[in-house]
Amino acid sequence: MAETRLQAVRRQLGYKADEVIKMLLRRADALAVPVMSATSLKVKVSRWENGHEAVSQPYRRLFRDVYGRTNEELGFEPEETDDEAEELVSRLALARSVDAESVDIFRRQVDQARHVDRRLGGVPLLDQLRSNIDQLQRLLGFSTLRGQRHALAVVLTEASALAGWEALDRNAIRQAWEHHETAKSAAREAESPILLAHSTAQQAFILIDLGEVEMSVGQLSEARTLAEQAAPPLLRSWMAAAHGEGLAAAGRRDEALRAFDAAGTLLPTDPIDPALPFLFLGGAHLDRWRGNALSQLGESDAIQQITDALPRLPPDFVRARTGMLVDLAFAYAAAGDRDAALAHARQARRLAMQIKSDRQLRRLSGLILPGSSAPGAA
């Protein structure tokens, strides 16, 4: 029997069936959703994975949350839609009713999602963000007023870019790419080179994860050129650092370090811009990013760079802390310090499991400890 998509996703993420059942039950408890017992759920999961029975609600929602995948990616039937003319008239009327307060509600939801993202990772967010994106796309698609379309497109760009980053953290690569394509399209609708540059640069990190580093460098270079035309110093600083990250992944040491030097020069004294709520580069953030690049380059300075930045990272940036610990594990492994590499890998794994960062868990699976012959020894 052919493998179902539901089963394939579980295997891709490396989860055992018993682990998935526990995750489903925890998520149901967090949402206060009544579900069947663990024993009954074990039987159901087997039937669902083997295609003997269609997954019903609320379990579709729970699977989307714990796996970070869409209905299509999990093999679920799409939601029913009404394509009648009456529905079109209704949607046009709904779009007409959108005002500044409505747009602000969506904007606040995206901002709240950013705060949750930093602390708890993507499990509580991704499906909610996808729902918001669908709503924004429907409203935008049936809006006829230019000012209204512009306002909706700005929020859609930010929501899609955040959802794309969340999907990448859940190791949902295709979904991450598609969300960024939505973000770029919305940025063009909003006529915002700033938002387009940011979405384009952030999407390039997906290429790095895919091993397409030279393609990533090219895309980051284009994004940086876009930003230099109209962006404030904070975004140009972020773009330079992002470009440096791509260059480091490509092993282009001198160019990468020059890009980070440029980022430091461009960084404004006050690195907080209300117009760019998605950028964090002050305090420890630029330093940790440079530390990641040094770690990728195998530089011995990486350990000191990341160690100095770690205590200065705000406590709510849990996912960033996880990435820094992974970077330290790799840096210590490159330096031949097995004990330190193992200690930081274990800390990183605990945090990654806590926030369900499949991306960082995947990175850790490639760690080779000194004295080991194969990755995944941590």
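All values reported here derive from a predicted model rather than from experimental measurement.
- A search for ring-ring contact (aromatic ring centres under 6.0 Å, His included) contacts involving W48 returns Y59, F63, not counting sequence neighbours.
- Counting only distance, with no hydrogens or angles, the side chain of H150 and the backbone of A190 share a donor-acceptor pair below 3.5 Å.
- Between L226 atom CG and S199 atom OG the span is 10.5 Å, to the nearest 0.5 Å.
- Distance alone, capped at 3.5 Å, is enough to place a donor-acceptor pair between the S216 side chain and the A204 backbone.
- If you chain together hydrophobic residues whose side chains sit under 4.5 Å apart, I355 and L24 never meet in one group.
- For R350, there are no side-chain hydrogen bond (donor to acceptor under 3.5 Å, both in side chains) partners two or more places apart in sequence or in a different chain.
- In this structure, the side-chain hydrogen bond (donor to acceptor under 3.5 Å, both in side chains) partners of E53, at least two apart in sequence or on a different chain, are K44, R47.
- Minimum interatomic distance between A340 and H344 (heavy atoms only, all atoms of both residues): O-ND1, 2.8 Å.
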- Please report the C-alpha distance between Q137 and T182 in whole Å, then the side-chain angles of each, then the deciding distance to 0.1 Å, and finally whether the side chain to side chain contact (heavy atoms under 4.5 Å, CB included) criterion is met. CA-CA 9 Å; Q137 285 180 310; T182 299; 3.4 Å; yes

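- Every side-chain contact (heavy atoms from CB on, under 4.5 Å) that R11 has, sequence neighbours left out, goes to E3, Q7.
- No option in R60, R130, R64 other than R64 meets the side chain to side chain donor-acceptor pair (under 3.5 Å) test with N71.
- Looking at R108 and I105, their side chains come closer than 4.5 Å, going by heavy atoms from C-beta outward.
- Nearest heavy atoms, L168 versus A176: N-CB, 3.6 Å.
- Below 30°, between 30° and 60°, or above 60°: for W289 and F205 the angle between ring planes is between 30° and 60°, a tilted geometry.
- Considering CE of M239 and CG of L234, their distance stands at 10.5 Å, rounded to 0.5 Å.
- Of all heavy-atom pairs between P315 and R321, the closest is CA-NH2, 4.1 Å.
- For R107, the salt bridge (charged side-chain N to carboxylate O under 4.0 Å, His left out) partners are D104, not counting sequence neighbours.
- Under the 6.0 Å distance and 45° angle rule, R359 counts as a cation-pi partner of W165.
- Residues passing the side-chain hydrogen bond (donor to acceptor under 3.5 Å, both in side chains) test with Q202 are H180, sequence neighbours excluded.
- For residues 272-285, every residue pair satisfying the side chain to side chain donor-acceptor pair (under 3.5 Å) rule, not counting sequence neighbours, is listed here: H285-R288.
- In this structure, the side chains of R61 and L31 come closer than 4.5 Å at one or more pairs of heavy atoms.
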- Task: Run the numbers on Q128 and Q112 for side chain to side chain contact (heavy atoms under 4.5 Å, CB included), then give the verdict.
- Result: CA-CA 12 Å; Q128 174 192 324; Q112 179 63 28; over 6 Å; no

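- Salt bridge present: E214 and R252 bring a charged side-chain N and a carboxylate O closer than 4.0 Å.
- R363 and Q360 share a side-chain donor-acceptor pair at under 3.5 Å.
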- Task: Check the pair L156 / I133 against side chain to side chain contact (heavy atoms under 4.5 Å, CB included), numbers first and verdict last.
- Result: CA-CA 6 Å; L156 177 58; I133 289 166; 3.8 Å; yes

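- A search for salt bridge (charged side-chain N to carboxylate O under 4.0 Å, His left out) contacts involving D261 returns R290, not counting sequence neighbours.
- Put simply, the side chain of R319 never gets that close to the backbone of R118: no donor and acceptor are under 3.5 Å apart.
- At a threshold of 4.5 Å between non-hydrogen side-chain atoms, the residues R174 and E72 count as touching.
- For D287, the salt bridge (charged side-chain N to carboxylate O under 4.0 Å, His left out) partners two or more places apart in sequence, or in a different chain, are R312.
- Two residues are said to be in side-chain contact when any heavy atoms from C-beta on lie closer than 4.5 Å; N50 and T4 fail this criterion.
- The pair K184-E181 counts as a salt bridge, with a side-chain nitrogen and a carboxylate oxygen less than 4.0 angstrom apart.
- With hydrogens and angles left out, the side-chain atoms of E245 and Q296 include a donor and acceptor closer than 3.5 Å.
- Classification of the F317-F280 ring pair by plane angle, with boundaries at 30° and 60°, yields perpendicular.
- The closest side-chain heavy-atom distance from L294 to D327 is not below 4.5 Å.
- Counting heavy atoms from C-beta on, the side chains of R258 and E255 come closer than 4.5 Å.
- In plain terms, the two heavy atoms of R10 and V20 that are nearest each other are CD-CG2, 3.6 Å.
- Cluster membership for V110 and L279, using ILVMFWY side-chain heavy atoms within less than 4.5 angstrom, is not shared.
- Under the rule for a salt bridge (charged side-chain N to carboxylate O under 4.0 Å, His left out), E73 has no partner lying at least two apart in sequence or in another chain.
- The side-chain hydrogen bond (donor to acceptor under 3.5 Å, both in side chains) test applied to D337 returns no partner, not counting sequence neighbours.
- Side-chain atoms of T157 and S192, non-hydrogen and from C-beta on, never get closer than 4.5 Å to each other.
- Of all heavy-atom pairs spanning A231 and I194, the tightest one is CA-CG1, 4.0 Å.
- You'll find the side chain of D358 reaches within 4.5 Å of the side chain of Y15, heavy atoms only.
- Interatomic distance, Y332 OH to S295 OG, rounded to the nearest 0.5 Å: 11.5 Å.
- Ion pairing of E166 with R170 is absent here, as no side-chain N (NZ or NE/NH1/NH2) approaches a carboxylate O to less than 4.0 Å.
- Under a hydrophobic-cluster definition in which Ile, Leu, Val, Met, Phe, Trp and Tyr are linked whenever side-chain heavy atoms come within less than 4.5 Å, directly or via other members, L313 and L286 are assigned to different clusters.
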- Item | Intermediate values then yes/no, side chain to side chain contact (heavy atoms under 4.5 Å, CB included), L41 and V35 | CA-CA 8 Å; L41 194 54; V35 291; 5.7 Å; no

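- A donor-acceptor pair under 3.5 Å links the side-chain atoms of T200 to the main chain of L196, judged by distance alone.
- Note that CD of Q219 and CD1 of I208 are 10.0 Å apart. Values are rounded to the nearest 0.5 Å.
- A salt bridge links E299 with R253: the distance from a Lys NZ or Arg NE/NH1/NH2 to an Asp or Glu carboxylate oxygen falls below 4.0 Å.
- Here the straight-line distance linking atom CD1 of I21 with atom NZ of K42 works out to 6.5 Å at 0.5 Å rounding.
- Contact detail for A153 and A186: the closest heavy-atom pair is CB-O, 3.4 Å.
- No side-chain donor-acceptor contact under 3.5 Å links T307 to the backbone of Q304.
- Taking CG of L136 as the start and OG of S131 as the end, the distance is 9.5 Å to the nearest 0.5 Å.
- Pairs passing the side chain to side chain donor-acceptor pair (under 3.5 Å) check and including a residue from residues 22-36, sequence neighbours excluded, read R27-D65.
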